[in-house]
Amino acid sequence: MAENDVDRFAERFGNRFLTEDDPFNEFPAVGMEPVEAMRLIDEDLVLDGIPERNLATFVTTWMEPEAQRIIAANLHRNFIDHAEYPQTAEIEQRCIRMLAHLFHAPGETTGARTQGSSEAIMLGALSLKWNWRQRREAAGAATDRPNLVFGGDVHVVWEKFCRYFDVEPRIVPLQPDKFTIGAEDVEPHIDENTIGVAAVLGTTFTGHADDIGGINDFLVQLKNDKGLDVPLHIDAASGGFVWPFLYPDHEWDFRLEQVRSINVSGHKYGLVYPGIGWLVFREEADLAPDLVFLENYLGKTDKTFTLNFSTGSAMVLAQYYTLIRFGHAGYSRVMSVMQENAQFLTKRISEIGPFQVIGEGEQQLPLVAFNLAEDVGYDEFDVAWQVAAERGWMLPAYTMPPKADHVRMLRALVKLNLSHALVHTLADDIAEACETLAKKGGATDRERQKVKTGVGY
Ligand SMILES: Cc1ncc(COP(=O)(O)O)c(C=O)c1O
(Lines give C-alpha, C1' and ligand atoms only; values in the text may rest on other atoms or scores of the structure.)
Protein backbone atom coordinates (compact mmCIF):
# COMPACT_ATOMS: atom_id res chain seq x y z
CA MET A 1 0.00 0.00 0.00
CA ALA A 2 1.36 3.45 -0.85
CA GLU A 3 2.50 5.62 2.05
CA ASN A 4 -0.33 8.17 1.79
CA ASP A 5 -2.89 5.35 1.45
CA VAL A 6 -1.70 3.99 4.81
CA ASP A 7 -2.25 7.43 6.33
CA ARG A 8 -5.65 7.77 4.67
CA PHE A 9 -6.84 4.39 5.99
CA ALA A 10 -5.34 5.13 9.40
CA GLU A 11 -7.27 8.37 9.52
CA ARG A 12 -10.55 6.60 8.87
CA PHE A 13 -10.07 3.27 10.58
CA GLY A 14 -7.53 3.89 13.31
CA ASN A 15 -3.90 3.50 14.13
CA ARG A 16 -1.28 2.96 11.37
CA PHE A 17 0.67 0.86 13.89
CA LEU A 18 -1.99 -1.82 13.74
CA THR A 19 -0.04 -3.13 10.74
CA GLU A 20 3.38 -1.55 11.31
CA ASP A 21 6.07 -1.71 13.98
CA ASP A 22 5.90 0.92 16.73
CA PRO A 23 8.66 3.52 16.65
CA PHE A 24 10.96 2.07 19.29
CA ASN A 25 14.51 2.39 18.08
CA GLU A 26 15.18 5.41 15.99
CA PHE A 27 14.10 8.97 16.68
CA PRO A 28 10.85 9.16 14.65
CA ALA A 29 11.21 11.04 11.35
CA VAL A 30 7.67 12.36 11.58
CA GLY A 31 5.21 12.47 14.46
CA MET A 32 1.63 11.24 14.69
CA GLU A 33 -1.78 12.47 15.76
CA PRO A 34 -2.19 12.95 19.54
CA VAL A 35 -4.86 10.28 19.74
CA GLU A 36 -2.59 7.79 17.96
CA ALA A 37 0.30 8.49 20.35
CA MET A 38 -2.06 8.05 23.29
CA ARG A 39 -3.43 4.76 21.92
CA LEU A 40 0.02 3.44 21.24
CA ILE A 41 1.16 4.06 24.80
CA ASP A 42 -2.09 2.73 26.29
CA GLU A 43 -1.71 -0.46 24.27
CA ASP A 44 1.87 -0.93 25.48
CA LEU A 45 0.83 -0.47 29.10
CA VAL A 46 -1.81 -3.20 28.87
CA LEU A 47 1.12 -5.61 29.16
CA ASP A 48 2.21 -4.16 32.50
CA GLY A 49 0.94 -5.66 35.74
CA ILE A 50 -2.17 -4.19 37.31
CA PRO A 51 -1.00 -1.95 40.20
CA GLU A 52 -3.91 -2.99 42.46
CA ARG A 53 -2.75 -6.61 42.26
CA ASN A 54 0.82 -5.64 43.12
CA LEU A 55 1.38 -7.13 46.57
CA ALA A 56 5.11 -6.46 46.26
CA THR A 57 5.27 -2.69 46.36
CA PHE A 58 5.13 -0.51 49.44
CA VAL A 59 4.27 2.38 47.18
CA THR A 60 0.75 3.84 47.00
CA THR A 61 -1.34 2.53 44.12
CA TRP A 62 -4.59 4.34 44.85
CA MET A 63 -5.48 7.89 45.86
CA GLU A 64 -8.78 9.67 46.25
CA PRO A 65 -10.25 11.48 43.21
CA GLU A 66 -9.82 14.85 44.95
CA ALA A 67 -6.11 14.17 45.42
CA GLN A 68 -5.87 13.08 41.78
CA ARG A 69 -7.43 16.37 40.78
CA ILE A 70 -4.82 18.34 42.76
CA ILE A 71 -2.06 16.28 41.13
CA ALA A 72 -3.42 16.68 37.59
CA ALA A 73 -3.91 20.43 38.04
CA ASN A 74 -0.33 21.01 39.20
CA LEU A 75 1.84 18.89 36.97
CA HIS A 76 3.26 21.97 35.24
CA ARG A 77 4.58 23.62 38.40
CA ASN A 78 8.37 23.25 38.84
CA PHE A 79 8.94 22.78 42.55
CA ILE A 80 12.38 24.42 42.55
CA ASP A 81 11.01 27.76 41.28
CA HIS A 82 10.51 29.01 44.81
CA ALA A 83 10.48 32.65 43.69
CA GLU A 84 7.67 32.01 41.23
CA TYR A 85 5.74 29.55 43.38
CA PRO A 86 6.28 30.77 46.95
CA GLN A 87 3.07 29.17 48.19
CA THR A 88 4.19 25.75 47.00
CA ALA A 89 7.48 26.29 48.86
CA GLU A 90 5.51 27.27 51.97
CA ILE A 91 3.42 24.10 51.67
CA GLU A 92 6.63 22.02 51.57
CA GLN A 93 7.73 23.73 54.80
CA ARG A 94 4.34 23.00 56.39
CA CYS A 95 4.77 19.30 55.59
CA ILE A 96 8.27 19.30 57.12
CA ARG A 97 6.98 21.06 60.26
CA MET A 98 4.09 18.59 60.58
CA LEU A 99 6.41 15.59 60.22
CA ALA A 100 8.89 17.07 62.72
CA HIS A 101 5.96 17.43 65.13
CA LEU A 102 4.79 13.87 64.45
CA PHE A 103 8.34 12.61 65.12
CA HIS A 104 8.64 14.64 68.35
CA ALA A 105 11.38 17.07 67.29
CA PRO A 106 12.26 19.09 70.41
CA GLY A 107 11.90 22.50 68.72
CA GLU A 108 12.12 24.30 65.43
CA THR A 109 14.06 22.31 62.88
CA THR A 110 14.66 21.76 59.19
CA GLY A 111 14.45 19.10 56.52
CA ALA A 112 13.95 18.51 52.84
CA ARG A 113 11.43 17.27 50.30
CA THR A 114 13.01 14.53 48.21
CA GLN A 115 12.17 12.18 45.38
CA GLY A 116 11.78 9.33 47.85
CA SER A 117 13.59 7.78 50.79
CA SER A 118 16.63 6.98 48.66
CA GLU A 119 17.39 10.66 48.03
CA ALA A 120 16.53 11.48 51.65
CA ILE A 121 18.97 8.82 52.86
CA MET A 122 21.74 10.06 50.55
CA LEU A 123 21.28 13.60 51.89
CA GLY A 124 20.95 12.54 55.53
CA ALA A 125 24.00 10.30 55.34
CA LEU A 126 25.99 13.05 53.60
CA SER A 127 25.20 15.28 56.52
CA LEU A 128 26.44 12.57 58.91
CA LYS A 129 29.68 12.37 56.92
CA TRP A 130 30.17 16.16 56.84
CA ASN A 131 29.49 16.56 60.56
CA TRP A 132 31.83 13.68 61.42
CA ARG A 133 34.61 15.23 59.30
CA GLN A 134 34.14 18.58 60.98
CA ARG A 135 34.39 16.99 64.42
CA ARG A 136 37.53 15.09 63.42
CA GLU A 137 39.18 18.14 61.86
CA ALA A 138 38.45 20.18 64.97
CA ALA A 139 40.19 17.47 67.01
CA GLY A 140 43.14 17.35 64.57
CA ALA A 141 42.33 13.71 63.73
CA ALA A 142 42.45 11.82 60.42
CA THR A 143 39.41 12.03 58.15
CA ASP A 144 40.29 9.53 55.45
CA ARG A 145 38.47 6.40 56.63
CA PRO A 146 34.82 7.10 57.44
CA ASN A 147 32.54 4.13 58.08
CA LEU A 148 28.81 3.66 58.51
CA VAL A 149 27.25 0.87 60.60
CA PHE A 150 23.96 -0.80 59.65
CA GLY A 151 22.33 -4.23 59.54
CA GLY A 152 21.93 -6.63 56.65
CA ASP A 153 18.20 -5.88 56.92
CA VAL A 154 18.55 -2.45 55.28
CA HIS A 155 17.41 -1.45 51.81
CA VAL A 156 20.08 -1.47 49.07
CA VAL A 157 20.22 2.34 49.14
CA TRP A 158 22.51 2.24 52.20
CA GLU A 159 25.16 0.26 50.35
CA LYS A 160 24.66 2.54 47.37
CA PHE A 161 25.36 5.58 49.53
CA CYS A 162 28.58 4.00 50.81
CA ARG A 163 29.80 3.19 47.32
CA TYR A 164 28.79 6.50 45.72
CA PHE A 165 30.18 8.65 48.54
CA ASP A 166 33.24 6.67 49.58
CA VAL A 167 32.29 5.44 53.00
CA GLU A 168 33.17 1.98 54.33
CA PRO A 169 29.96 -0.01 54.90
CA ARG A 170 30.07 -2.02 58.12
CA ILE A 171 27.18 -4.40 57.64
CA VAL A 172 26.00 -6.47 60.58
CA PRO A 173 24.96 -9.85 59.17
CA LEU A 174 21.54 -11.23 60.07
CA GLN A 175 21.22 -14.54 61.89
CA PRO A 176 19.41 -17.64 60.61
CA ASP A 177 16.45 -16.91 62.89
CA LYS A 178 16.84 -13.17 63.65
CA PHE A 179 16.05 -10.71 60.89
CA THR A 180 16.62 -7.37 62.67
CA ILE A 181 19.54 -5.94 64.66
CA GLY A 182 20.12 -4.60 68.18
CA ALA A 183 22.80 -2.90 70.30
CA GLU A 184 24.89 -6.06 70.79
CA ASP A 185 25.09 -6.42 66.98
CA VAL A 186 26.33 -2.89 66.22
CA GLU A 187 28.68 -2.54 69.20
CA PRO A 188 31.72 -4.40 67.77
CA HIS A 189 31.64 -2.35 64.56
CA ILE A 190 31.72 1.15 66.01
CA ASP A 191 34.89 3.23 66.38
CA GLU A 192 36.02 6.86 66.13
CA ASN A 193 35.62 6.76 62.32
CA THR A 194 31.93 5.83 62.49
CA ILE A 195 29.91 8.66 60.94
CA GLY A 196 26.69 7.16 62.26
CA VAL A 197 24.51 4.11 62.79
CA ALA A 198 21.44 3.52 60.61
CA ALA A 199 18.53 1.57 62.06
CA VAL A 200 15.33 0.58 60.27
CA LEU A 201 11.75 1.08 61.36
CA GLY A 202 9.82 -1.44 59.26
CA THR A 203 12.30 -3.50 57.28
CA THR A 204 11.85 -4.23 53.62
CA PHE A 205 12.20 -7.97 54.28
CA THR A 206 9.72 -8.73 57.06
CA GLY A 207 8.30 -5.34 58.15
CA HIS A 208 9.71 -5.45 61.69
CA ALA A 209 11.81 -2.82 63.47
CA ASP A 210 15.43 -2.89 64.62
CA ASP A 211 15.87 -2.49 68.38
CA ILE A 212 16.16 1.30 68.05
CA GLY A 213 15.71 1.97 71.77
CA GLY A 214 18.47 -0.50 72.65
CA ILE A 215 20.85 0.94 70.04
CA ASN A 216 20.12 4.47 71.31
CA ASP A 217 20.83 3.44 74.92
CA PHE A 218 24.11 1.89 73.89
CA LEU A 219 25.14 5.04 71.97
CA VAL A 220 24.22 7.27 74.92
CA GLN A 221 26.37 5.11 77.17
CA LEU A 222 29.24 5.25 74.66
CA LYS A 223 28.99 9.04 74.67
CA ASN A 224 28.96 9.24 78.47
CA ASP A 225 31.69 6.65 79.05
CA LYS A 226 34.10 7.33 76.19
CA GLY A 227 33.09 10.74 74.82
CA LEU A 228 32.33 9.18 71.43
CA ASP A 229 29.20 10.88 70.06
CA VAL A 230 27.82 8.62 67.30
CA PRO A 231 24.56 9.87 65.76
CA LEU A 232 21.68 7.55 64.92
CA HIS A 233 19.71 7.94 61.68
CA ILE A 234 16.36 6.18 61.44
CA ASP A 235 15.32 4.78 58.08
CA ALA A 236 11.58 5.06 58.58
CA ALA A 237 10.85 4.80 54.83
CA SER A 238 7.77 2.69 55.54
CA GLY A 239 7.49 2.77 59.32
CA GLY A 240 7.45 6.56 59.74
CA PHE A 241 3.80 6.75 58.79
CA VAL A 242 2.84 3.50 60.58
CA TRP A 243 4.41 3.45 64.05
CA PRO A 244 3.14 6.90 65.16
CA PHE A 245 -0.42 5.70 64.56
CA LEU A 246 -0.37 1.98 65.43
CA TYR A 247 2.26 2.05 68.18
CA PRO A 248 2.30 5.63 69.50
CA ASP A 249 3.98 4.70 72.80
CA HIS A 250 6.94 3.03 71.14
CA GLU A 251 9.85 5.48 71.30
CA TRP A 252 11.91 5.29 68.12
CA ASP A 253 12.07 8.93 67.00
CA PHE A 254 13.45 12.24 68.35
CA ARG A 255 12.25 11.24 71.82
CA LEU A 256 15.52 9.27 71.83
CA GLU A 257 18.64 11.35 72.48
CA GLN A 258 20.93 10.02 69.74
CA VAL A 259 18.37 10.10 66.91
CA ARG A 260 19.55 13.04 64.78
CA SER A 261 17.71 12.49 61.47
CA ILE A 262 14.82 10.50 60.04
CA ASN A 263 13.74 9.71 56.49
CA VAL A 264 10.25 8.67 55.46
CA SER A 265 8.67 7.92 52.08
CA GLY A 266 5.55 9.99 51.51
CA HIS A 267 4.76 7.63 48.65
CA LYS A 268 4.58 4.55 50.88
CA TYR A 269 2.35 4.63 53.96
CA GLY A 270 2.25 8.43 53.59
CA LEU A 271 -0.47 7.52 51.06
CA VAL A 272 0.82 9.53 48.08
CA TYR A 273 1.66 8.33 44.56
CA PRO A 274 5.40 7.99 43.73
CA GLY A 275 7.90 10.35 43.95
CA ILE A 276 7.83 11.98 47.33
CA GLY A 277 10.07 11.45 50.34
CA TRP A 278 11.12 13.47 53.37
CA LEU A 279 14.20 14.04 55.45
CA VAL A 280 13.75 15.61 58.87
CA PHE A 281 16.55 16.67 61.23
CA ARG A 282 16.32 16.72 65.00
CA GLU A 283 17.49 20.33 65.01
CA GLU A 284 18.80 22.78 62.49
CA ALA A 285 22.42 22.21 63.57
CA ASP A 286 22.23 18.58 62.41
CA LEU A 287 22.20 19.72 58.79
CA ALA A 288 25.81 20.44 57.81
CA PRO A 289 25.72 24.08 56.56
CA ASP A 290 28.25 23.27 53.84
CA LEU A 291 25.68 21.08 52.09
CA VAL A 292 23.24 23.93 51.62
CA PHE A 293 23.78 25.97 48.47
CA LEU A 294 22.68 29.55 48.07
CA GLU A 295 21.72 30.43 44.52
CA ASN A 296 19.87 33.25 42.85
CA TYR A 297 19.51 31.64 39.47
CA LEU A 298 15.72 31.73 39.31
CA GLY A 299 15.17 35.31 40.38
CA LYS A 300 15.59 35.30 44.14
CA THR A 301 18.30 34.10 46.51
CA ASP A 302 17.29 30.67 47.63
CA LYS A 303 18.73 27.81 49.68
CA THR A 304 18.89 24.38 48.08
CA PHE A 305 19.69 21.07 49.72
CA THR A 306 18.83 18.43 47.11
CA LEU A 307 20.49 16.02 44.71
CA ASN A 308 18.09 17.06 41.92
CA PHE A 309 17.12 20.56 40.87
CA SER A 310 13.95 20.82 38.76
CA THR A 311 11.18 18.50 39.82
CA GLY A 312 7.39 18.42 40.07
CA SER A 313 5.32 20.09 42.77
CA ALA A 314 2.32 17.80 42.39
CA MET A 315 3.38 15.19 44.94
CA VAL A 316 4.30 17.81 47.54
CA LEU A 317 0.80 19.21 47.20
CA ALA A 318 -0.63 15.69 47.27
CA GLN A 319 1.26 15.01 50.50
CA TYR A 320 -0.13 18.16 52.06
CA TYR A 321 -3.57 17.01 50.90
CA THR A 322 -3.24 13.67 52.71
CA LEU A 323 -1.87 15.29 55.89
CA ILE A 324 -4.72 17.78 56.19
CA ARG A 325 -7.38 15.46 54.79
CA PHE A 326 -6.66 12.57 57.20
CA GLY A 327 -5.00 14.20 60.17
CA HIS A 328 -3.92 12.06 63.10
CA ALA A 329 -7.32 10.43 63.51
CA GLY A 330 -7.61 9.60 59.80
CA TYR A 331 -4.13 8.11 59.49
CA SER A 332 -4.77 6.07 62.64
CA ARG A 333 -7.96 4.71 61.12
CA VAL A 334 -6.34 3.93 57.76
CA MET A 335 -3.40 2.16 59.43
CA SER A 336 -5.73 0.18 61.69
CA VAL A 337 -7.77 -0.96 58.70
CA MET A 338 -4.65 -2.19 56.93
CA GLN A 339 -3.39 -3.87 60.09
CA GLU A 340 -6.73 -5.59 60.65
CA ASN A 341 -6.73 -6.91 57.10
CA ALA A 342 -3.09 -8.01 57.45
CA GLN A 343 -4.06 -9.93 60.61
CA PHE A 344 -6.97 -11.50 58.75
CA LEU A 345 -4.65 -12.52 55.90
CA THR A 346 -2.23 -13.97 58.48
CA LYS A 347 -5.04 -16.10 59.90
CA ARG A 348 -6.17 -17.30 56.48
CA ILE A 349 -2.61 -18.12 55.35
CA SER A 350 -1.93 -20.05 58.56
CA GLU A 351 -5.08 -22.08 57.91
CA ILE A 352 -3.94 -23.10 54.40
CA GLY A 353 -1.56 -25.57 56.03
CA PRO A 354 2.04 -25.62 54.89
CA PHE A 355 2.93 -22.01 55.77
CA GLN A 356 4.42 -20.29 58.81
CA VAL A 357 4.01 -16.55 59.32
CA ILE A 358 7.16 -14.64 60.38
CA GLY A 359 7.08 -12.57 63.58
CA GLU A 360 3.33 -12.80 64.06
CA GLY A 361 2.07 -10.59 66.88
CA GLU A 362 5.17 -8.37 66.91
CA GLN A 363 5.07 -4.69 65.96
CA GLN A 364 5.15 -4.72 62.19
CA LEU A 365 4.16 -2.91 58.99
CA PRO A 366 0.76 -3.98 57.63
CA LEU A 367 2.03 -6.95 55.65
CA VAL A 368 2.35 -10.70 55.90
CA ALA A 369 5.81 -12.28 55.51
CA PHE A 370 5.52 -16.03 55.34
CA ASN A 371 7.23 -19.17 54.10
CA LEU A 372 6.80 -22.92 53.88
CA ALA A 373 7.32 -24.57 57.23
CA GLU A 374 8.31 -27.93 55.74
CA ASP A 375 9.33 -29.64 52.52
CA VAL A 376 6.17 -30.07 50.44
CA GLY A 377 7.72 -30.77 47.04
CA TYR A 378 7.53 -27.17 45.83
CA ASP A 379 8.95 -23.93 47.21
CA GLU A 380 8.10 -20.25 47.71
CA PHE A 381 9.20 -19.30 44.17
CA ASP A 382 6.79 -21.92 42.78
CA VAL A 383 3.95 -20.45 44.85
CA ALA A 384 4.74 -16.94 43.56
CA TRP A 385 4.75 -18.20 39.99
CA GLN A 386 1.49 -20.15 40.39
CA VAL A 387 -0.59 -17.32 41.92
CA ALA A 388 0.67 -15.02 39.18
CA ALA A 389 -0.14 -17.53 36.45
CA GLU A 390 -3.58 -18.40 37.80
CA ARG A 391 -4.82 -15.03 39.05
CA GLY A 392 -2.33 -12.31 38.16
CA TRP A 393 -1.31 -11.54 41.76
CA MET A 394 2.20 -10.10 41.98
CA LEU A 395 3.45 -11.79 45.15
CA PRO A 396 7.24 -11.55 45.54
CA ALA A 397 9.44 -14.48 46.59
CA TYR A 398 13.01 -13.82 47.69
CA THR A 399 15.85 -15.07 49.85
CA MET A 400 16.91 -13.21 52.99
CA PRO A 401 20.27 -11.38 53.23
CA PRO A 402 23.45 -13.06 54.62
CA LYS A 403 23.64 -15.04 57.02
CA ALA A 404 19.98 -15.88 56.73
CA ASP A 405 20.22 -16.38 52.98
CA HIS A 406 19.07 -19.99 53.12
CA VAL A 407 15.64 -18.65 54.22
CA ARG A 408 13.13 -18.11 51.43
CA MET A 409 10.25 -15.70 51.93
CA LEU A 410 6.94 -14.63 50.44
CA ARG A 411 5.57 -11.21 51.34
CA ALA A 412 2.14 -9.67 50.76
CA LEU A 413 1.69 -5.96 51.41
CA VAL A 414 -1.76 -5.09 52.71
CA LYS A 415 -2.64 -1.61 51.54
CA LEU A 416 -5.87 0.30 51.69
CA ASN A 417 -7.15 -1.11 48.42
CA LEU A 418 -6.78 -4.73 49.61
CA SER A 419 -10.21 -4.93 51.21
CA HIS A 420 -11.50 -7.67 53.49
CA ALA A 421 -13.23 -9.35 50.52
CA LEU A 422 -10.06 -9.21 48.43
CA VAL A 423 -8.06 -10.72 51.31
CA HIS A 424 -10.50 -13.65 51.22
CA THR A 425 -9.99 -14.01 47.48
CA LEU A 426 -6.20 -13.72 47.75
CA ALA A 427 -6.06 -16.39 50.47
CA ASP A 428 -8.32 -18.68 48.41
CA ASP A 429 -6.09 -18.12 45.40
CA ILE A 430 -2.93 -18.97 47.36
CA ALA A 431 -4.61 -22.13 48.65
CA GLU A 432 -5.65 -23.11 45.14
CA ALA A 433 -2.16 -22.44 43.78
CA CYS A 434 -0.79 -24.79 46.46
CA GLU A 435 -3.30 -27.47 45.43
CA THR A 436 -2.22 -27.15 41.79
CA LEU A 437 1.46 -27.35 42.77
CA ALA A 438 0.83 -30.39 44.98
CA LYS A 439 -0.71 -32.16 41.96
CA LYS A 440 1.63 -31.08 39.17
CA GLY A 441 4.86 -30.31 41.07
CA GLY A 442 6.85 -27.08 41.02
CA ALA A 443 7.22 -24.56 38.21
CA THR A 444 9.75 -25.04 35.41
CA ASP A 445 13.10 -23.24 35.50
CA ARG A 446 11.87 -20.78 32.87
CA GLU A 447 8.75 -20.03 34.88
CA ARG A 448 10.74 -19.57 38.08
CA GLN A 449 12.98 -17.05 36.35
CA LYS A 450 9.94 -14.87 35.79
CA VAL A 451 8.95 -14.71 39.47
CA LYS A 452 8.92 -11.28 41.04
CA THR A 453 11.88 -11.21 43.41
CA GLY A 454 12.57 -7.54 44.15
CA VAL A 455 11.89 -6.63 47.77
CA GLY A 456 12.42 -2.94 48.18
CA TYR A 457 10.29 -0.54 46.26
C1 LIG B 1 13.49 0.52 54.58
C2 LIG B 1 13.60 1.18 53.23
N3 LIG B 1 14.48 2.17 53.05
C4 LIG B 1 14.60 2.84 51.87
C5 LIG B 1 13.81 2.49 50.80
C6 LIG B 1 13.93 3.27 49.51
O7 LIG B 1 12.83 4.10 49.44
P8 LIG B 1 12.34 4.89 48.13
O9 LIG B 1 11.76 3.84 47.23
O10 LIG B 1 11.31 5.83 48.67
O11 LIG B 1 13.52 5.58 47.53
C12 LIG B 1 12.87 1.45 50.93
C13 LIG B 1 12.01 1.05 49.79
O14 LIG B 1 11.25 0.13 49.86
C15 LIG B 1 12.75 0.80 52.18
O16 LIG B 1 11.86 -0.19 52.36
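Order of listing sets the numbers, starting from 1, for every ligand and every atom in it. Everything numeric here is computed off the predicted structure, so don't read it as measured data.
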Chemist: Could you walk me through whether F58 and H267 pass the ring-ring contact (aromatic ring centres under 6.0 Å, His included) check?
Modeler: CA-CA 8 Å; F58 288 90; H267 55 214; over 10 Å; no

Chemist: As an exercise, identify every atom of ligand 1 less than 4.0 angstrom from a heavy atom of T204.
Modeler: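 Ligand 1 atoms under the 4.0 Å threshold to T204: 1 (C), 2 (C), 15 (C), 16 (O).
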
Chemist: Quick check on salt bridge (Lys or Arg N to Asp or Glu O under 4.0 Å): which of K226, R170, R136 does D191 satisfy it with?
Modeler: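 Exactly one pass, corresponding to R170.
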
Chemist: Which part of S118 is near ligand 1, with near meaning a heavy atom under 4.0 Å away: side chain, backbone, both or neither?
Modeler: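 Within the 4.0 Å criterion, S118 contacts ligand 1 through backbone and side-chain atoms alike.
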
Chemist: Honestly, is R77 close enough over Y85, meaning NZ or CZ under 6.0 Å from the six-membered ring centre and within 45° of the axis?
Modeler: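 Yes.
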
Chemist: Any atoms of ligand 1 less than 4.0 Å from a non-hydrogen atom of G116? List them with their elements.
Modeler: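 Under 4.0 Å from G116, ligand 1 has these atoms: 10 (O), 11 (O).
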
Chemist: Between Y320 and R94, is there a side-chain donor-acceptor contact under 3.5 Å, judged purely by atom types and distance?
Modeler: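 Distance-only check passes for R94 and Y320.
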
Chemist: Looking only at distances, can you tell me whether any N or O atom of S238, backbone or side chain, sits closer than 3.5 Å to an N or O atom of ligand 1?
Modeler: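 Min N/O separation from ligand 1 is not below 3.5 Å for S238.
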
Chemist: Picking from F326, Y269, W243, what satisfies ring pair (Phe, Tyr, Trp, His ring centres under 6.0 Å) with Y331?
Modeler: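 Only match with Y331 under ring pair (Phe, Tyr, Trp, His ring centres under 6.0 Å): F326.
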
Chemist: State, yes or no, whether a side-chain contact exists between E380 and M409 at a heavy-atom distance under 4.5 Å.
Modeler: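 No - every pair of side-chain heavy atoms lies 4.5 Å or more apart.
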
Chemist: Between S117 and ligand 1, find which residue part has any heavy-atom pair under 4.0 Å and reply side chain, backbone, both or neither.
Modeler: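 For S117, backbone and side-chain atoms both sit under 4.0 Å from ligand 1.
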
Chemist: Say whether K268 and ligand 1 are in contact under the criterion: heavy-atom distance to a ligand atom below 4.0 Å.
Modeler: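 Judged by the 4.0 Å heavy-atom criterion, K268 does count as contacting ligand 1.
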
Chemist: Have a look at ligand 1 and work out which part of H267, if any, has a heavy atom under 4.0 Å from it: side chain, backbone, both or neither.
Modeler: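 Near ligand 1, H267 shows its side chain, while the N, CA, C and O stay back.
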
